[in-house]
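Working notes for the structure below.
Numbering of ligands and ligand atoms starts at 1, following listing order.
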Amino acid sequence: MNILRFTNLPGDGIGPEVMSVALKVLETLGQRNGFSIETTEHDVGGIGIDNHGSALPDTTLSACKDANAILFGSVGGPKWESLPPKEQPERAALLPIRKAFELFANLRPGNLYPELADLSPLRPSTVSNGIDVLCVRELTGGIYFGQPKSTQTLENGEEQSIDTMVYKTSEIERITEIAVKAASLRQKKICSVDKANVLETSVLWRKVVSDSVQRLDPSIELTHMYVDNAAMQLVRDPNQFDVLVTENMFGDILSDELAVICGSLGMLASASLGTGKNRLGFPFGLYEPAGGTAPDIAGKNLANPCAQVLSAALMLRYSFGMEKEASAIESAVKQTIRDGFRSGDISSGSESVGTIEMGEAIIERLPA
Ligand code: IPM
Ligand code: MG
């Protein structure tokens, strides 16, 4: 029997509730499809700080190193907001874990099901057929990690801070390769987003993306867009895009914009793929919902588990090579929405169901 070994890091807020749904979905699918899951749970984020004095405890990190993939919940909350920024759960857990596993490729699918079109802040005429855009964000380079990064006091007593935006050819080549692979399974269109009218890193970005696409698959339709224009085009007509590929900070911003035009953060999954391969020969990856910890509804059976469940589907697809099973989960979620099940965030004020009930509805719709 195929055993899926991964660590699960539920984290804070709604993390544990939605994680428990995702694990049940995987277990049930496994019972019906001849695989089982072997997963260990570890603290990360605020609960890591509380229990071990660190947002990314050593025990958690070493458990991740032993696993084939990480299923991540979400981290942060009001309890830890008064800590210095560097020590807050989001930054102190996510950034080091991305660096430790060189998780350079962040895939954020922006999907709006037509059934949920009225949740989008965009005009019905723009989104009545739904939205389907994939944002491929570079995740371990650029201004997030570039050195020097520091604050010093000048001779005149004022403070000065520096962040450094830096990219090498190889970093741009490898993220382009991921975008090309993704686009070849979709509409074969890539729009690369940069700020080449101002930034040196963007001039290099544009050149390397062009060369790489030409080398890897010249049949892909490649366009380039400045980031300010891309932010505008995304709200004007999101479906003009198929795959967006961009550097770390632009991707951070554009992926939040994509998330909100898709209606609810509770529906969006993400995958962060590393340079390393797991024991099965697939990319090691971290899979997490886009929505955050939603502390206001945590522990109340109100959270939408779909994003966590869809993140588990991405884990099967990318880190375990189980495309059929991944699609089965995605279809079950889609059918649950079609059949009218709505958690509070997607109910537009009408009747809603809880986290557990939403999970049961998904499980009922898994293939027998
Ligand atoms: C994200 C988040 C993180 C980022 C923060 C919490 C460090 O906004 O995953 O998009 O900026 O990458
Ligand atoms: Mg962000």
> What N/O/S atom of D252 is the closest to the Mg ion (ligand 2)?
Replying inline: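 Looking at D252, the N, O or S atom with the least distance to the Mg ion (ligand 2) is OD1.
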With a cut-off of 3.5 Å and sequence neighbours excluded, list every side-chain donor-acceptor pair involving residues 10-25.
| from | atom 1 | to | atom 2 | distance (Å) |
| --- | --- | --- | --- | --- |
| D12 | OD1 | G46 | N | 3.4 |
| D12 | OD1 | I47 | N | 2.9 |
| D12 | OD2 | G46 | N | 2.7 |
| D12 | OD2 | G76 | N | 2.8 |
| E17 | OE1 | N301 | N | 3.1 |
| E17 | OE2 | G299 | N | 2.6 |

> Can you name the residues that form a side-chain contact (heavy atoms from CB on, under 4.5 Å) with A182, not counting sequence neighbours?
Replying inline: L134
> Looking at F145, is K99 sitting on its ring face, NZ or CZ under 6.0 Å from the six-membered ring centre and within 45 degrees of the normal?
Replying inline: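 Flagged: K99 positioned over aromatic ring of F145.
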> Is the charged tip of R338 near the ring of Y113: under 6.0 Å from the six-membered ring centre and within 45° of its axis?
Replying inline: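 Output no; distance or angle outside limits.
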List, pair by pair, the atoms of ligand 1 and of the protein that are both N or O and lie under 3.5 Å apart, giving the separation rounded to 0.1 Å.
| from | atom 1 | to | atom 2 | distance (Å) |
| --- | --- | --- | --- | --- |
| ligand 1 | 8 (O) | D252 | OD1 | 3.2 |
| ligand 1 | 9 (O) | R98 | NH2 | 2.8 |
| ligand 1 | 9 (O) | R108 | NH2 | 2.8 |
| ligand 1 | 10 (O) | R108 | NH1 | 3.1 |
| ligand 1 | 10 (O) | R108 | NH2 | 3.1 |
| ligand 1 | 10 (O) | R137 | NH1 | 3.2 |
| ligand 1 | 10 (O) | D252 | OD1 | 2.9 |
| ligand 1 | 11 (O) | Y144 | OH | 2.5 |
| ligand 1 | 11 (O) | D252 | OD1 | 3.4 |
| ligand 1 | 12 (O) | R98 | NH1 | 2.7 |
| ligand 1 | 12 (O) | R137 | NH1 | 3.3 |
| ligand 1 | 12 (O) | R137 | NH2 | 2.8 |

> If you look only at pairs with a residue in residues 246-255, which of them pass as a side chain to side chain donor-acceptor pair (under 3.5 Å), with sequence neighbours excluded?
Replying inline: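 Pairs touching residues 246-255 that pass the test: R108-S255, R137-N248, Y144-D252.
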>> Testing the basics here: between S311 and P289, what is the closest heavy-atom pair and its distance to 0.1 Å?
In response: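 Scanning both residues, the minimum pair turns out to be OG-N, 3.3 Å.
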